Amino acid sequence: MARVVVDVMLKPEILDPQGKAVEGALGRLGLQGVSSVRQGKTFTLELDGDLDEALLAQVHELAGSLLSNPVIEDYVIRETSA
Amino acid sequence: MARVVVDVMLKPEILDPQGKAVEGALGRLGLQGVSSVRQGKTFTLELDGDLDEALLAQVHELAGSLLSNPVIEDYVIRETSA
Amino acid sequence: MRIGVVTFPGSLDDQDAARAVRIAGGEAVTLWHGDADLHGVDAVVLPGGFSYGDYLRCGAIARFAPVMGPLVDAANGGLPVLGICNGFQVLCESHLLPGALVRNDHLHFICRDQKLRIESTSTAWTSSYEVGQEIVVPLKNGEGGYVADEATLDLLEAEGRVVARYLDLNPNGSRRDIAGISNARGNVVGLMPHPEHAVEALTGPTTDGLGFFTSILKGLVEAS
Amino acid sequence: MSRHADTVADAIAHPEREQPYAELGLKPNEYADIREILGRRPTSGELAMYSVMWSEHCSYKSSKVHLKQFGDKKPETDTLLVGIGENAGVVDIGQGWAVTFKVESHNHPSYVEPYQGAATGIGGIVRDIISMGARPIAVMDPLRFGAADHPDTHRVLPGVVAGIGGYGNCLGLPNIGGEVVFDDCYQGNPLVNALCVGKLRHEDIHLASARGVGNLVVLYGAKTGGDGIGGASILASETFEDGGPAKRPAVQVGDPFMEKLLIECTLEVLHAGLVEGIQDLGAAGISCATSELASNGEGGMRVDLDKVPLRDHTLTPEEILMSESQERMAAVVTPDNLEAFLAICAKWDVDCAVIGEVTDTGRLVIEWHGEVIVDVPPRTVAHDGPVYERPYARPSWQDSLQAADPSSLARPASAEEIRETVLRLVGSPNLASKTWVTAQYDRYVLGNTVLAQPEDAGVIRVDEESGLGVALSTDCNGRFAKLDPYNGAKLALAEAYRNVAATGAVPLAVTNCLNFGSPEDPDVMWQFSQAVTGLADGCLELGIPVTGGNVSFYNQTGEVAIHPTPVVGVLGVIQDVAARTTMAFRTAGDAVLVLGE
Ligand SMILES: Nc1ncnc2c1ncn2[C@@H]1O[C@H](COP(=O)(O)OP(=O)(O)O)[C@@H](O)[C@H]1O
């Protein structure tokens, strides 16, 4: 059985207040050497069968419409084994 | 410059209402063959320099306390190149 | 005049929007997210709330509800539509309005009595206000920061499509203090604050919100 | 993984098997009682049910003997339509309207996982209200934390506030008041109490009982998962041959969206007249719902546990019985009405399954894979649990505590010292504005909020035509209660009563959430008995009944208990909300009067 992971990140030019807050907190807790933090979302889809081309195309379609909002977000699709 | 990604997921046995909602929406939009969807968070840390052992240990420490709540969440650390 | 109010699973302010329509003198018509048509209404309000729990992104799942098909077509054909808060998010997700609404910059849900300046009175929903009029209505959201790229923001300003702006305090980090915008034609308006909670002196901070509902009713009567 | 559940036949065939009752929190005498009731050893499923239902939390075994006073000293009143003992009391407010309200604690879960603990606290109390047939119309949240500048408070408080807001806002219930109190004594034991009020027409009152032999038991709402069943793993490990079961989480995660659907779905099936009895699933989940429904009804029920919709298919039957998965309800439905019931669930996209039926056997029988794993008299699980007369005695330190009165404290002498004192008071977290908390709560939704923060009491319009409304306030000063628990409880009542009266409403009824340390400590038990007596006496003097409440014991770290904190909620009725009085001075030149001593 295959697993597909869709990573969704805010576009670089969009302010990420959550990432900023985490960045501040990490610094206060003594973590040095981190220049920036961005927070994103992942969707892990467990498939019944294998990932074929048709399914992948459909996942791409939905990643770019439902799972991310192209006005503010980018997405990447990763395939991992379950 | 290195980049560290911390993936945070709800533990498998914990209810994931968001994942469930996405699963429902994907189904209504005609995606077949997906047995379940889980939603997680990612934190992408851009480093000033390289990732050494000491820093990695510190990231582990904070991933298990600040970035995730071990009562309900698991985390994984991935290293990627920027 | 019949104003439809759409209820999605998780809509919360649908009763309030219907009440505001009635107080303004209109007839409120209940529309269900699963409806295949708009029951011949003269205008539609997409109310506030947490449609589908606000899971994924606010408004992202509601956008695909059956009723949204005919609604998008009708809006493109000139049907007046007002999206309040979650409704505004649905309108952006549906691409009836440009831009998007993101997490508040301070990361908290915020509920406050918010001062606004009405910037445009040439929309279907703001004609009974004066340009520059200052009003106070409740604001309550966790993801109310309006964002769009610079070119879009410039275009909105140039075309007079910024409908209302936050005054005194920007409560969520919205670009250029934008509280509401319209489409080019002015029939579709999205608004983060809640005018439907400011229609009765007893329960609202003011009755300043009533103007959105009287505007549309007056406009419809004049047009008919 | 094949495993064999412990059946009634096994219990009879292997009577002497060792059982982990102590790990499940049962005392040797309690275990002996169970064996006596059943005439054999319990199965692991039965042990699971008795252990959760006989816990302090579910059985009120240490508090019952004291709480009786609320009934014994109940003032003459004709406003109570449903009294103590049901999910929540129901109060007549006139014009055919009634309201139901209750406050509950979710203290410990909120310490472990602040966001989810507080969120599911709201979820639980809201389900209590809908199970009475009422539409929830507002929530309140009396909160107590440790020192404001303590790092752990920085972990707990933001999560709790975000959780209450996250769940309540998403349900569309206005938050009309509460408390935020800081005191070192709550450092390891923050108090998260949640109140919900709902409205209903008199004819819409519903009770939790399973009547009508042949009627169906329907479970609806979220699927059952492995939430909040840390304890059951002990049982499961008994029956697993190798290794033991998966570790189960002790916390529950809430889904407010599901709860919103559950509210709408429940009110629709109730109004359509499709329900004979109804019960929410809270602590003790299916164990509680089935035994209480059966115990309140004809006394018999047969349940097929295989029919329970599961989120996690590795759950053992004991775990299914104990699971505290949120957002679930159980209803008793006649076979004729089932189709209509299912249709309404489908409309709201709510999962639903028939899991059993009402019988006339007087027994609660639960089957798993075709074998009987539970066969008990339901009353012995739900209502006839153990009752303790815990020893109590006035603490040895009480006199010296009371002797240390403020007259020994230094008084500010100079203008400079007075100025400093005033500034310190104004800046102290307990007196400073709470807007930073309340601004995270929606107080406008539903459009009927007439008074909310920063007023002393919240006021909600119940009837838009007539203006009929209710006022609510919750109060308690734990320091007063520590100094004198009897009068401290009376003071809490008096404060809430005054706050309600000051809006122009007539106080009608009382709910409470009694937060204390360990009942096994005679000092704490004394505080408890004093506070209950004080509250009961105060209610009798003021002429308003206690309609329900909640007891939270074991709020202590090691030997040190929190201050006794009997939070009191008072509800009043106001004929026309337009006539309410606010806190603010309205008009320059008005006379200012002080009433009382
Ligand atoms: N946790 C809370 N949730 C909702 N409202 C709260 C909460 N805490 C305080 N409030 C509200 O804030 C206002 C001020 O609270 P507080 O300073 O405690 O007032 P007082 O000292 O007069 O009781 C009141 O209206 C109270 O109901």
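Every value quoted in this text rests on a predicted model; they were computed, and no experiment measured them. Side-chain atoms are counted along with the backbone in the values below, which use heavy atoms only and exclude waters and symmetry mates. Each chain gets a letter, A, B and so on, in the order its sequence line appears, and its residues count up from 1.
For the pair B:R28 and D:D349, the tightest heavy-atom approach, listed with the atom from each and the gap, is NH1-OD2, 4.4 Å.
Taking non-hydrogen atoms and a 4.5 Å limit, the residue list of residues 53-69 of chain B in contact with chain D, ordered by number, reads B:N69. Chain D is approached within less than 4.5 Å, heavy atom to heavy atom, by B:L15, B:P17, B:K20 from residues 15-25 of chain B, ordered by number.
Remark: D:C170 pairs with C:F50, D:P256 by the side-chain contact (heavy atoms from CB on, under 4.5 Å) rule, at least two apart or across chains. Judged as a side chain to side chain donor-acceptor pair (under 3.5 Å), and not counting sequence neighbours, B:D52 has no contacts.
Heavy-atom contacts from other residues, nucleotides or ligands closer than 6.0 Å to NZ of D:K347 number more than 12.
Of the possible donor and acceptor atoms, one in the side chain of D:R311 sits under 3.5 Å from a partner among the backbone N and O of B:E13.
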